[in-house]
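Worksheet: the structure to be examined is printed underneath.
In what follows, every heavy atom counts, from backbone to side chain, and hydrogens, waters and symmetry copies are set aside.
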Amino acid sequence: MNMIENKISGAEVVIKSLLIEDVETVFGYPGGTIMPVYDALFDYTDQINHILVRHEQGAIHAAEGYARVTGKVGVCFATSGPGATNLITGLADAMIDSTPVVCISGQVGSSLLGTDAFQETDVIGISMPVTKWNIQVTKSEDIAGAIAKAFYIARNGRPGPVLVDITKDAQFGQTHFEYQKCVKIRSYMPCPELNRTHLRQAVSAIHAAKKPLMLVGQGIMLSGAEAELLEFVEISGIPVANTLLGIGALPVGHRLHVGNLGMHGNYAPNIKTNDADLIIAVGMRFDDRVTGDVTRYASQAKIIHIDIDKSEFNKNIKVTHALLADAKEALKELSKLIKPNRYPEWLAEFEQGKTYETQTLALDATPNDALRMWEVVQMLSDKTKGEAVVVSDVGQNQMAVFQHYAFRNTRSGITSGGLGTMGFALPAAVGAKIGAPQKMVIAVTGDGGFQMTIQELGTIMQSQIALKILILNNNFLGMVRQWQQLFFDKRYSFTDMKNPDFVKIAEAYNIKARKISHESELPEALDEFLNYEGAYLLEAVVEREENVFPMVAAGASVSEIRLK
């Protein structure tokens, strides 16, 4: 699209550029060097919904949540210095989890660069390792081109975060507005062409396999390949396990879905990884939380790895067949070539593993009417029929959600995967609810993670966001405490949490709240929580020393998964 107008300020160029990129929502926090952009935004509030967060980390996590639930690029604003540095954790989180985000930061005037001016920080140097691309703009006439390129890079190929840092004088400067959407960049090939020879070799390996296992990651959602995955699975008859971020790629209730992978995944898919003669990995990166000890991971299996990012091939696990391609295209082409098949004996082994896990864990109600995390999440899943968007934090609460919420839909299980960012859930759920207002969005967090971004209750209050917040409160930094119990002789060094009255805090933000601590209270409390029209905080006080199993200890083989 080409648009040429009379001269306008660089700040207005920012806003008009966002409109052409179909941006409807921006999360941000104003400050000195981004003030010209905010002044320009004042005239466009009927076209762009700005959500005022309480901390810049909240802005980028909200942008991540928005991007994860919608598939669009999330956008946030921040000022220079501490405003921009407060984005860094979110940029790192988005980078490792392949989340498309465009951050626009203000910067001191170009004449002040390098002088240690007030609130000057080299955000380009700081953010370089945690962005897919970044740029500093010092002239108003360069702003539109930089933003166009930013959106193209953020959303194409393997998605990721981009930062555009704009000096204050560039925002004030006058320029003709001409905007052309970026459709290609010389030297950047975001969508590689599928090699037909490699494709045929992969098909031959699939046909020869007796015990194949498919591992799917978030790449399925990022490429919009859910339908292609389902078709491939139905034809091939191959059992499917998902990574943490791949949850929902195939509905949990599907007959060929055999569970979750990883450190706190299910028993059968972890054990059977080392029994399979073929692993088909799609849109996942063989993270250490999935593989355990790489020297004892699937050494007996041929491995087909499908990914859009060639740097992932052979990075952690040696692969037999590397298919450099978009997951959607690769699965579509594979489905055309593979023969229909079924593996009843192989699937029966997964069923046996599932039964063994269930019987060994023996998830019975606790004495004295106490609450357990798994119990709360399982009832939440039942009452929402697995249809809600659940944004979990990091720790035991995250694993309880991963294990016991039966996700039925794509883009409905949102969490911080690779970086493991405590405090992610509350602001990310804000973004998810803004992105999917018609859906039930529930933030599930622990007492520790909740307090890391608790200030975003102010965002919920001011923007009147009908978000559900469930705190699983064990008055501990639960996951660290679990490791201290199992591997550090119960030396609970600084993991005991003395917490405030979360109900009173929520009520101070005009958010309805309730606290429960008994199993008998749970059904009615969840009904009230889910049926209330506005924002609601439910604090469930759970057993203090409940552990989350299954578990693969750090450095162990996936075959050494523990159930107690």
Side-chain angles (χ1 to χ4, degrees), residues 206 209-221 225-226 228-284 286-287 289-292 297-298 300-306 331 338 340-361 363 378 381 386 399 401-410 412-413 549-552 557-563:
I206 293 171
K210 303 300 182 184
K211 292 185 174 184
L213 176 60
M214 192 170 192
L215 315 181
V216 298
Q218 190 190 197
I220 296 293
M221 280 81 88
E226 293 90 341
E228 286 74 16
L229 172 64
L230 182 61
E231 181 185 20
F232 176 84
V233 167
E234 293 284 2
I235 296 171
S236 70
I238 296 174
V240 178
N242 57 262
T243 67
L244 180 66
L245 295 187
I247 200 159
L250 189 71
V252 168
H254 192 279
R255 63 183 178 83
L256 290 172
H257 182 265
V258 294
N260 305 320
L261 297 164
M263 178 172 280
H264 287 283
N266 294 110
Y267 177 81
N270 276 295
I271 289 288
K272 294 303 167 185
T273 294
N274 280 354
D275 288 340
D277 58 3
L278 177 70
I279 299 289
I280 307 172
V282 188
M284 56 86 74
F286 290 108
D287 173 74
R289 285 301 197 257
V290 166
T291 64
Y297 180 82
Q300 78 297 332
K302 293 182 177 179
I303 295 178
I304 299 170
H305 193 179
I306 302 171
L331 289 173
I338 60 172
N341 207 341
R342 295 291 181 269
Y343 303 89
E345 294 85 3
W346 178 228
L347 284 169
E349 294 184 33
F350 286 92
E351 282 300 315
Q352 291 167 5
K354 181 179 180 181
T355 300
Y356 177 70
E357 176 183 330
T358 302
Q359 292 175 345
T360 305
L361 291 176
L363 298 176
Q378 194 169 84
S381 179
M399 295 303 110
V401 168
F402 184 45
Q403 291 175 353
H404 298 289
Y405 195 90
F407 290 94
R408 305 295 181 193
N409 302 315
T410 185
S412 61
F549 289 105
M551 177 182 180
V552 179
S557 164
V558 290
S559 296
E560 298 170 331
I561 187 168
R562 298 174 56 167
L563 294 177

Can any side-chain N or O of [X] pair as donor or acceptor with the backbone N or O of [Y] at less than 3.5 Å?
X	Y	result
His264	Phe549	no
Asn266	Ala268	no
Asn270	Gly262	yes
Trp346	Lys210	no
Asn260	Phe402	yes

Looking at every non-hydrogen atom in both residues, tell me the closest pair between [X] and [Y] and how far apart they are.
X	Y	value
Met284	Leu215	CG-O, 3.9 Å
Pro239	Val258	CB-CG1, 3.7 Å
Leu361	Leu563	CD2-O, 3.2 Å
Asn274	Ala298	OD1-N, 2.7 Å
Phe232	Ile206	CZ-CD1, 4.1 Å
Val252	His257	O-ND1, 3.4 Å

What distance do [X] atom [atom1] and [Y] atom [atom2] have between them, rounded to the nearest 0.5 Å?
X	Y	atom1	atom2	result
Asp277	Gln300	CG	CD	8.0 Å
Ile304	Ile279	CD1	CD1	10.0 Å
Thr291	Met263	OG1	CE	9.5 Å
Phe350	Leu213	CZ	CG	4.5 Å
Leu261	Leu244	CG	CG	10.5 Å
Met221	Leu245	CE	CG	7.5 Å

Classify the angle between the aromatic ring planes of Tyr267 and Tyr356 as parallel (below 30°), tilted (30 to 60°) or perpendicular (above 60°). tilted
Relative to each other, are the rings of Phe407 and Tyr405 parallel, tilted or perpendicular (30° and 60° limits)? tilted
Is any side-chain heavy atom of [Y] closer than 4.5 Å to one of [X]?
X	Y	value
Leu229	Val282	no
Ile271	Glu349	no
Asp275	Lys272	yes
Met214	Leu256	no
Thr243	Gln218	no

Charged N to carboxylate O below 4.0 Å: is that the case for Glu351 and Arg255? no
Would Ile220 and Glu226 count as a side-chain contact (heavy atoms from CB on, under 4.5 Å) here? Give the steps. CA-CA 6 Å; Ile220 296 293; Glu226 293 90 341; 4.2 Å; yes
Other residues, nucleotides and ligands only: do more than 12 of their heavy atoms fall within 6.0 Å of NZ on Lys302? no
